[in-house]
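Step one of this worksheet: look at the structure below.
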Amino acid sequence: MAPPLSTDVDCSAPPPARPARILCIAGLDPCGGAGLQADIETVAALGGHALGIVSALTVQDSRDVGRVQAVDADLLAEQLRVLVADCRPDAVKLGLIGDVVQLPRIVAVLSALAVPVVCDPVLRAGGGRDLVTETYPQALRRVLLPQVSVLTPNAAEARRLVPEAGSLDDCAAALLADGCQRVLITGGDEPDVPVVNRSYASGGGVRRFEWPRLPETFHGAGCTLAAAIAARLGIGDDPDAAIEAGQRWTQAALARAFAVGGGRRIPGRLPR
Ligand code: PLP
């Protein structure tokens with residue numbers, strides 16, 4: 001049986017100054033490991049406030065995704081327009097985009113906002129199911145990347161975004177040439193022990209991070225990492241600090257992961 005939730009909350013503590021507002025555009029994962037719920041939990045745990053827009057509904061469990069149903073692009077655009085006019089975000093986190101036709105609608109809002117944007121280029125579920133159409137990777141590169149501050153592909157996503165590249169370094173160079181400012185290629189899906197992540201900057205320079213490889217497999221690790229980086233950027237970190245802090249925080253959440261069903265574990269993002 002799961003331990004009871006702690007009720008030890010100090011209600012006399014003063015509220016923080018306005019929490020950073022992080023606009024999260026993501027898919028809805030009913031089991032709560034990935035997608036918008038991962039973003040909301042991460043942003044809240046890091047002291048921010050998430051503004052949530054659903055890009056797609058999904059049929060899935062903790063093992064794999066069965067179906068993705070994109071939200072109507074006009075509805076998404078209307079939600080975005082109304083939301084950002086009232087609640088101006090300090091940073092944006094993009095996850096699964098339901099359909100290529102959503103991309104230009106999202107870009108129109110991002111270019112007017114001019115705040116840091118973290119994009120997790122979700123292409124395939126960890127269970128193996130494709131989550132996007134054939135044309136999506138190239139559309140993402142062409143339409144979205146010029147607006148992106150930090151792109152967070154895993155190794156498989158980096159290779160699929162740049163199929164012509166001979167190495168992960170070449171993938172990063174091509175993605176930076178498309179216009180994003182930083183590319184953090186994560187190695188959780190590679191065989192290396194420890195896990196190696198590399199952060200590439202548009203002005204040149206690569207930072208290498210090593211993290212212990214944990215024995216379990218996870219559902220929602222990529223969403224959690226990208227949301228943590230976005231939260232730190234919204235709070236005011238510079239990109240290098242946000243990329244490091246986001247990884248450190250995600251590693252701690254993975255170490256606290258728990259089983260929600262019979263499949264992969266989900267990160268322990270909230271105090272329990
Ligand atoms: N469902 C949604 C809505 C997602 O955004 C993602 C990944 O970002 C997934 C499923 C797949 O997550 P994972 O590959 O960690 O299982």
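Order of appearance sets the numbers: ligands from 1, and atoms from 1 within every ligand. Every heavy atom of this structure was used, including side-chain atoms; hydrogens, water molecules and symmetry mates were not.
- Between Arg18 and Asp90 there is a salt bridge, since at least one side-chain N of the basic residue sits less than 4.0 Å from a carboxylate O of the acidic one.
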Using a 3.5 Å cut-off on N/O to N/O, what pairs does ligand 1 make with the protein? A line per pair would be great.
| from | atom 1 | to | atom 2 | distance (Å) |
| --- | --- | --- | --- | --- |
| ligand 1 | 1 (N) | Gln60 | NE2 | 2.8 |
| ligand 1 | 14 (O) | Gly126 | N | 2.7 |
| ligand 1 | 15 (O) | Gly220 | N | 2.7 |
| ligand 1 | 16 (O) | His219 | ND1 | 2.6 |
| ligand 1 | 16 (O) | Arg264 | NH1 | 2.8 |
| ligand 1 | 16 (O) | Arg264 | NH2 | 3.1 |

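- The hydrophobic side chain of Val82 is isolated, with no ILVMFWY side chain under 4.5 Å apart from it.
- Residues meeting the side chain to side chain donor-acceptor pair (under 3.5 Å) test with Thr186, sequence neighbours left out: none.
- In this structure, Glu244 does not pair ionically with Arg182, as no charged nitrogen and carboxylate oxygen lie closer than 4.0 Å.
- When the side chains of ILVMFWY residues are joined at heavy-atom separations under 4.5 Å, either directly or via intervening members, Leu145 and Leu96 end up in a single hydrophobic cluster.
- Judged as a salt bridge (Lys or Arg N to Asp or Glu O under 4.0 Å), not a single pair has a partner in residues 44-73 (not counting sequence neighbours).
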